[in-house]
Chemist: 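Take this structure first; my questions come after.
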Number of protein chains: 2
Amino acid sequence: MTNDSFYKKRKVIPIGPVSELTGLTERQIRYYEERKLIFPERSERGNRKYSFNDVEQLIDIANKREEGVQTFEIRKDMLKEKNKQDKELKEEMLRGQFNAQFGVRKK
Amino acid sequence: MTNDSFYKKRKVIPIGPVSELTGLTERQIRYYEERKLIFPERSERGNRKYSFNDVEQLIDIANKREEGVQTFEIRKDMLKEKNKQDKELKEEMLRGQFNAQFGVRKK
DNA sequence: CGTGTAAGGAATTCTGACACG
DNA sequence: CGTGTAAGGAATTCTGACACG
């Protein structure tokens, strides 16, 4: 998750191609945004822009929905996942701090 | 060049964002296509779709243009570059053939 | 709850052309 | 040659709403 390509994160894909890429209707994609499952950027005049990460996320959502999972449940799982990642990141940074002060010098 | 991310190659970005990303006008981008420097895909009804590779390519083109290089020269350089890559790929494949028949077995 | 649809408007993109040089 | 621009049309996207369930 840390070495995601730079490009996977750039939000540049309009909703039309995202719809093709995911197999979801635009209506569904917008609804998942309303339910806080996905967070596109907006162009100056309001057009949604998605990243490839968003596309992957939407595919995950689509799979869960097919299993009958409700958007509310999906959201909870996402928050849980996010929390875990934040915690890992924090530990990672602490480790860095520690090594910088007491660890062996890298050459 | 071989390990380009999958995502760098997907043609999904419309000309507007490409223009922002590269600093080129849409007019310029379309003109470079006319001059065979760039090859977007088209959506069903004709809208151009670019990849991140295309964006990088366009930035290279922009730099060369600033140096005063003409599109014709840029095109020649690109073809030369492409030839080189094709040749490398062919050698690579021959090597693979060779190893499969006579090389040491990998475990 | 999750999704479809018709509605009207606004923004995007397209092409071919004329302009300058 | 490379780029700007005005022109008109076609396609895209947006929002808010009504519908079904």
Chemist: Classify the side chain of Arg27(A) versus the base of dT5(C) as yes if they form a donor-acceptor pair under 3.5 Å and no if they do not.
Modeler: yes
Chemist: Whole Å only: how far is the CD atom of Glu34(A) from the C1' atom of dA17(D)?
Modeler: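 So the CD-C1' distance, Glu34(A) to dA17(D), works out to 12 Å.
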Chemist: Report the distance from atom CG of Leu24(A) to atom P of dG2(C), rounded to the nearest whole Å.
Modeler: 13 Å
Chemist: Roughly how many Å is it from CD in Glu20(A) to C1' in dT12(D), rounded to a whole number?
Modeler: 12 Å
Chemist: Is a side-chain donor or acceptor of Asp60(A) paired with a backbone partner of Gln57(A) at a separation under 3.5 angstrom?
Modeler: no
Chemist: Just how far, in rounded Å, is P of dG2(C) from CD1 of Ile29(A)?
Modeler: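 Between P of dG2(C) and CD1 of Ile29(A): 16 Å.
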Chemist: Take the protein atom NZ of Lys49(B) and the nucleotide atom C1' of dT12(C), then report the distance between them rounded to whole Å.
Modeler: 10 Å
Chemist: Both distances under 3.5 Å, Watson-Crick or G-U wobble: on that basis, could you give the dot-bracket string for DNA chain C, with [ ] for crossing pairs and | for other-strand partners?
Modeler: .||||.||.|.|.||.||||.
Chemist: Treating Arg30(A) as the side-chain partner and Glu34(A) as the backbone partner, does any N or O pair qualify as donor plus acceptor under 3.5 Å?
Modeler: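 Flag not set: sc Arg30(A) to bb Glu34(A) has no pair under 3.5 Å.
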Chemist: Using only atom types and a distance under 3.5 Å, with no angle test, would you say the side chain of Asp86(A) pairs donor to acceptor with the backbone of Asn83(A)?
Modeler: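 Answer holds: no.
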Chemist: Whole angstroms only, please: what is the CZ-P distance between Arg30(B) and dA17(C)?
Modeler: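 These atoms are roughly 16 Å apart.
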Chemist: For Tyr50(A) and Pro40(A), which heavy atoms make the closest approach, and how far apart are they?
Modeler: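 Closest approach of Tyr50(A) to Pro40(A): CE2-CB, 3.5 Å.
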Chemist: In whole angstrom, give the distance that lies between atom CD1 of Ile13(A) and atom P of dT13(D).
Modeler: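 Value for this atom pair: 12 Å.
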Chemist: Using heavy-atom distances to pick each residue's nearest nucleotide on DNA chain D, tell me which of Thr25(B) and Asn47(B) is more 5'.
Modeler: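 The 5'-side residue here is Thr25(B).
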Chemist: State whether a side-chain donor-acceptor pair under 3.5 Å links Arg35(B) with Tyr31(B).
Modeler: yes
Chemist: For a quick test of reading the model, state the closest non-hydrogen atom pair linking Phe52(B) to Arg10(A) and the distance between them.
Modeler: CZ-CB, 3.6 Å
Chemist: Under the criterion salt bridge (charged side-chain N to carboxylate O under 4.0 Å, His left out), which of Glu33(B), Glu41(B), Glu26(B) is the partner of Arg48(B)?
Modeler: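 Of Glu33(B), Glu41(B), Glu26(B), salt bridge (charged side-chain N to carboxylate O under 4.0 Å, His left out) with Arg48(B) is met by Glu33(B) alone.
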Chemist: Closer than 3.5 angstrom, by distance alone: can the side chain of Thr22(A) be matched with the main-chain N or O of Val55(A) as a donor-acceptor pair?
Modeler: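 Absent.
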Chemist: If you compare every side-chain N and O of Arg65(B) against the phosphate oxygens of dT3(D) (OP1, OP2), does one of them come in below 4.0 Å?
Modeler: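 Checking Arg65(B) against dT3(D): at least one side-chain N or O falls below 4.0 Å of OP1 or OP2.
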Chemist: Is Lys64(A) salt-bridged to Glu67(A), cutoff N-O under 4.0 Å?
Modeler: no
Chemist: Would you say Tyr31(A) reaches dT3(C)'s phosphate, i.e. side-chain N/O to OP1/OP2 under 4.0 Å?
Modeler: no
Chemist: Nearest of dT12(D), dT3(C), dG2(C) to any side-chain atom of Arg45(B)?
Modeler: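 From the listed options, dT12(D) comes nearest.
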Chemist: Under 3.5 Å, side chain of Gln28(A) to main-chain N/O of Thr25(A), donor-acceptor pair present?
Modeler: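 Present.
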Chemist: Do any side-chain nitrogens or oxygens of Arg48(B) fall under 4.0 Å of OP1 or OP2 in dT13(C)?
Modeler: no
Chemist: Looking only at the side chain of Gln28(B) (C-beta and beyond, no hydrogens), which of the listed nucleotides dT3(D), dT15(C), dT3(C) gets closest?
Modeler: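 Per side-chain heavy atoms of Gln28(B), the pick is dT3(D).
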Chemist: Do any of residues 35-43 of chain B sit with a heavy atom less than 4.0 Å from DNA chain D, and if so which?
Modeler: Arg35(B)
Chemist: With the side chain of Glu26(A) defined as its heavy atoms from C-beta on, choose the nearest nucleotide among dG4(D), dT13(D), dT12(D).
Modeler: dT13(D)
Chemist: Can you tell me which nucleotide in dG2(D), dT3(C), dC14(C) comes closest to the side chain of Thr71(B)?
Modeler: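 Ranking dG2(D), dT3(C), dC14(C) by closest atom to the Thr71(B) side chain puts dG2(D) first.
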Chemist: Which comes earlier along DNA chain C counting from the 5' end, the contact point of Tyr32(A) or that of Ile15(B), where each point is its nearest nucleotide?
Modeler: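 That would be Tyr32(A).
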